[in-house]
Amino acid sequence: QVQLVESGGGLVQAGGSLRLSCAASGRTFSSVGMGWFRQAPGKEREFVASISWSTSNTVYADSVKGRFTISRDNRKTTVYLQMNSLKPEDTGVYYCAAQIDGGYGSTSRSDFGSWGRGTQVTVSS
């Protein structure tokens, strides 16, 4: 029921910033929260950050702590990922997804669904 569309990706130099948006429609209230994942060329899709609908508690991958910030609006219509101090290793396709299984804090892809189609982030050195 939930449909997600990512936007905001692009090409940026190392040290720069981007803000990704995930527009949600449908029954977002049925999900635990929202998360961002990314997939670099030749690598598995990995967890980046998540936020709960109820408390806005957040979880971050160690690789992005202190640099990325996930947030949401109060109407559960949009989730954001503010990315600062970007590094070339942050390059990849970024996906948002709804957490539909597991408890808060899960980083497993299997607990997320309704995946968007992704937005490309490229960080040049």
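The first residue in the sequence is number 1, and the count goes up from there.
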A.B. asks: Rounded to the nearest 0.5 Å, what separates atom CG in D101 from atom CZ in F112?
C.D. replies: 10.0 Å

A.B. asks: Judged by atom type as modelled, is there a donor-acceptor pair below 3.5 Å linking the side chain of E6 to the main-chain atoms of C96?
C.D. replies: yes

A.B. asks: What's the spacing between S108 OG and Q99 CD if we round to 0.5 Å?
C.D. replies: 9.5 Å

A.B. asks: Tell me which one of V64, I70, I51 satisfies side-chain contact (heavy atoms from CB on, under 4.5 Å) with W36.
C.D. replies: I70

A.B. asks: When you compare the side chain of V32 with that of I100, does any pair of heavy atoms fall below 4.5 Å?
C.D. replies: no

A.B. asks: Would you say L20 ends up clustered with V123 if hydrophobic residues are merged whenever their side chains have heavy atoms under 4.5 Å apart, either directly or through other cluster members?
C.D. replies: yes

A.B. asks: Would you mind reporting whether M83 and S17 have side-chain heavy atoms less than 4.5 Å apart?
C.D. replies: no

A.B. asks: When rounded to the nearest 0.5 angstrom, what distance separates CZ in R72 from OG1 in T78?
C.D. replies: 11.5 Å

A.B. asks: Does the side chain of Q120 reach to within under 4.5 Å of the side chain of T122, using non-hydrogen atoms?
C.D. replies: yes

A.B. asks: Taking C-beta and beyond as the side chain, do C22 and M34 meet within less than 4.5 Å on heavy atoms?
C.D. replies: yes

A.B. asks: In Å, rounded to the nearest 0.5 Å, how long is the span from CG of L4 to CZ of R117?
C.D. replies: 12.0 Å

A.B. asks: Could you check if a side-chain atom of T69 sits within less than 4.5 angstrom of a side-chain atom of L81, using non-hydrogen atoms only?
C.D. replies: no

A.B. asks: Out of Y95, F37, F47, which residue meets the side-chain contact (heavy atoms from CB on, under 4.5 Å) rule with R109?
C.D. replies: F37

A.B. asks: Would you give the length of the straight line joining atom CH2 of W53 to atom OG of S31, rounded to the nearest 0.5 angstrom?
C.D. replies: 6.0 Å

A.B. asks: With a 4.5 Å limit on heavy-atom distance, are the side chains of V93 and T119 in contact?
C.D. replies: no

A.B. asks: Would you kindly say whether S52 and N57 are connected by a side-chain donor-acceptor distance under 3.5 Å?
C.D. replies: no

A.B. asks: According to salt bridge (Lys or Arg N to Asp or Glu O under 4.0 Å), who are the partners of E89, at least two apart in sequence or on a separate chain?
C.D. replies: none

A.B. asks: Only counting residues at least two apart or in another chain, list the ones meeting side chain to side chain donor-acceptor pair (under 3.5 Å) with S106.
C.D. replies: D111

A.B. asks: At what distance, to the nearest 0.5 angstrom, does CZ of F68 lie from CG of D90?
C.D. replies: 4.0 Å

A.B. asks: Does anything in residues 43-53 pair up under salt bridge (charged side-chain N to carboxylate O under 4.0 Å, His left out), and if so which pairs, sequence neighbours excluded?
C.D. replies: R38-E46

A.B. asks: Heavy-atom distance under 4.5 Å between the side chains of Q39 and Y94, does that happen here?
C.D. replies: no

A.B. asks: Can you see which heavy atom on A14 is nearest to which on S125, and at what distance?
C.D. replies: CB-CA, 4.4 Å

